[in-house]
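Here is the structure we will look at, set down as structure tokens.
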Amino acid sequence: MISVKNAQMSSCYQPANDASMLDANNNCIAHSNSQLFNQSFNQDESMNGEHDINEPKTNLIVNYLPQNMTQDEIKALFSSIGPVESCKLIKDKLTGQSLGYAFVNYQIQGDAEKAVNTLNGMRLQNKTIKVSHARPSSESIKGANLYVCGLDKDFGQADLEKMFSSFGTIISSKILSDPKTGASKGVGFVRFDQRYEAEIAISELNGKCYDNMQEPLIVKFANSPTSVKSVMGLPLAPFIPINRGFYQPYRPSASNSYRYSPMTPYCSPDQTSLNTPILPTPLTGMIPATPSPQTPSLATSLPNTPVAPVPTMVPTMVNGQTTAILSTPPTSISNTSLSSINYSGWCIFVYNVGPDTDESLLWQLFGPFGAVQNVKIIRDQQTLKCKGFGFVTMTNYEEAVTAINCLNGFNLNNRILQVSFKTQAKQMY
DNA sequence: CGACGGGACGC
DNA sequence: CGACGGGACGC
């Protein structure tokens, strides 16, 4: 889960010494761990003292990437912030499959910061990516993920972190819950900064009753994943509705079965002045004043993170078929010039974006609808101001159609977007 | 009212 | 009862 962890990671790795809290809440666990805690903190400090004092923090780790996103696409996305020194998508050595995370190293630290602020929490296809500073590579941080079960059903994420906080720095945590009912499964995960912190937690908590819980806890290292979950079988349903109140189609079309219904305007009455953003990113004005109930932690912990909208249940369309379509344009666009087809994707023309638009806006807008290969904002060569339009290349026809149908006519900062397949090509070959 | 880039043979 | 996420540190 994208949560408060980023702030913790970037600001300070030092865990809060919460042993007293544990004592207060815990009736079953022996209170003999203060020695261990002090030892672990000392190790932590001495290790931190060795590196990264004045090193520029240019290196980012990107997690929860869409399965089919390529390294080039990731690089294109992060280059919308500034020049990228290197970009590495981690793949399975044998199958070549993406492991869903990547490292992006910027040339300038400021761009890395901006990327965290701008791209963390961005929705791409069915994923919400996480962008955070990479820690210095080391063996000691591997295998620090714990599996926990035996939790009471009313035990929440905050309770979980509280239970583990005295053993080290928590990088992430999660309680598994039934997607329908939202009820806890009594199972969770806690990832520590350091492996030895996880080891301490196991030795202190495994088999014990915590805070009068019904059953003893099981705390062990989580399974290390071996094979990629097949994404092909999924109906690509995970278009999770986020109801950010952002899309606002103004031309309903009866023939569009997959146009989703209008939502509340992105600009609620009490923030109509947001045309001139106070905060740095041009997307600030798109953030609704009231957080979505589905993602309170995201909204509260990442107030500067623009969250691109996601269509509510786009019916059918995209299955697994992809490339075969490219050579045979569907009849529904038979009157469209072939210039929208590049043999490596579908080029979309986006008109009526503001003069200060940058590439990340187009990623925000189109990323939720499917695989985006590249985006381009057209600027005046002198002023570098956006000329009011740009291009987006998407891989799959159906996803491009859905994006067009959903984004064409949308009110973005009081501008009505016009979105269509590209019709004119500048003399090719 | 307006309105469809542009870089690029590459280890 | 069993229950391993959205493969989190360079595949």
Side-chain angles (χ1 to χ4, degrees), chain A residues 1-2 5 9 59-67 71 86-105 124-151 171-179 184-195 215 218 220-229 231 238 240 336-337 339-340 347-353 359 374-381 386-393 415 417-429:
Chain A
M1 208 61 203
I2 313 294
K5 291 304 153 303
M9 286 184 61
N59 198 24
L60 302 178
I61 183 169
V62 186
N63 288 293
Y64 313 128
L65 288 162
Q67 175 58 228
Q71 182 168 291
S86 64
C87 173
K88 177 147 197 195
L89 173 64
I90 308 306
K91 301 181 207 161
D92 184 285
K93 187 171 27 181
L94 300 176
T95 68
Q97 292 264 45
S98 164
L99 292 183
Y101 68 99
F103 294 90
V104 175
N105 196 16
L124 295 175
Q125 302 177 46
N126 56 338
K127 299 293 186 83
T128 300
I129 65 170
K130 177 174 178 182
V131 182
S132 56
H133 290 282
R135 293 171 285 167
S137 184
S138 95
E139 285 299 311
S140 68
I141 64 179
K142 293 180 175 176
N145 196 24
L146 294 180
Y147 169 86
V148 186
C149 71
L151 302 168
I171 298 298
S172 63
S173 66
K174 169 111 178 164
I175 299 239
L176 298 190
S177 55
D178 184 294
S184 165
K185 291 185 170 177
V187 172
F189 295 86
V190 175
R191 182 183 305 280
F192 277 101
D193 179 48
Q194 299 289 320
R195 166 120 181 161
E215 42 185 328
I218 292 177
K220 52 193 237 184
F221 286 111
N223 294 156
S224 50
T226 52
S227 64
V228 170
K229 258 194 309 193
V231 108
I240 302 155
T336 297
S337 159
S339 61
S340 64
C347 192
I348 297 169
F349 174 62
V350 185
Y351 179 72
N352 205 21
V353 294
E359 271 78 1
N374 206 357
V375 306
K376 176 80 175 180
I377 289 291
I378 306 309
R379 296 182 166 85
D380 180 280
Q381 295 208 349
C386 174
K387 288 176 159 180
F389 63 96
F391 298 92
V392 175
T393 304
R415 293 170 174 269
L417 292 185
Q418 298 187 35
V419 182
S420 61
F421 282 113
K422 175 180 171 180
T423 59
Q424 300 175 21
K426 185 181 174 182
Q427 220 111 18
M428 291 193 110
Y429 48 81

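Throughout, protein chains are lettered first and strands after them, A, B, ... in sequence-line order, and every chain is numbered starting at 1.
Annotation: side-chain contact (heavy atoms from CB on, under 4.5 Å) contacts of A/Cys386 (sequence neighbours excluded): A/Val353, A/Thr357, A/Ile377. Remark: A/Asn352 engages A/Arg415 in a side-chain contact (heavy atoms from CB on, under 4.5 Å) (not counting sequence neighbours). With sequence neighbours excluded, the residues satisfying side-chain contact (heavy atoms from CB on, under 4.5 Å) with A/Lys185 are A/Leu176. Contacts of A/Asp178 classified as side-chain contact (heavy atoms from CB on, under 4.5 Å), with partners at least two apart in sequence or in another chain: A/Lys180, A/Thr181.
Residue-level contact check: A/Lys142 touches the backbone only, with heavy atoms under 4.0 Å from sugar-phosphate atoms and none from bases. In this structure, A/Phe349 reaches the bases: a heavy-atom distance under 4.0 Å links it to at least one base atom across the strands shown. Counting non-hydrogen atoms under 4.0 angstrom, A/Asn59 reaches a base of the nucleic acid.
Look at CG on A/Leu99: it is 10 Å from P on C/dG7, rounded to the nearest Å. Atom CG in A/Asn63 sits roughly 10 Å away from atom P in C/dG7 (whole-Å rounding). The distance from atom CD1 of A/Ile378 to atom P of B/dG7 is 10 Å, rounded to the nearest whole Å. Nucleotide C/dG7 holds its P atom 7 Å from the CD atom of A/Gln67, rounded to whole Å.
To the nearest 0.5 angstrom, A/Lys130 atom NZ is 14.0 Å from A/Tyr101 atom OH. Residue A/Leu65 holds its CG atom at 10.5 Å from CG of A/Leu99, rounded to the nearest 0.5 Å.
For B/dC4, the base adopts the anti conformation, since its glycosidic angle falls more than 90 degrees from zero. Taking 90° from 0 as the syn/anti boundary, the base of C/dG7 is oriented syn. Base orientation of B/dC9: syn, since the glycosidic angle falls within 90° of 0.
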Taking only N/O atoms, report every protein-nucleotides 8-11 of chain B pair under 3.5 Å with atom names and distance.
none

Close N or O pairs between protein and nucleotides 2-4 of chain C (under 3.5 Å):
residue : atom : partner  : partner atom : Å
C/dC4   : N4   : A/Lys220 : NZ           : 3.2

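There is no side-chain donor-acceptor pair under 3.5 Å between A/Gln67 and A/Ser98.
The ring of A/Phe349 has its center closer than 6.0 angstrom to the ring center of A/Phe389.
For C/dG6 and C/dG2, the C1' atoms lie 22 Å apart once the distance is rounded to whole Å.
In this structure, A/Ile348 and A/Val419 have side chains that are in contact, with non-hydrogen atoms separated by less than 4.5 Å.
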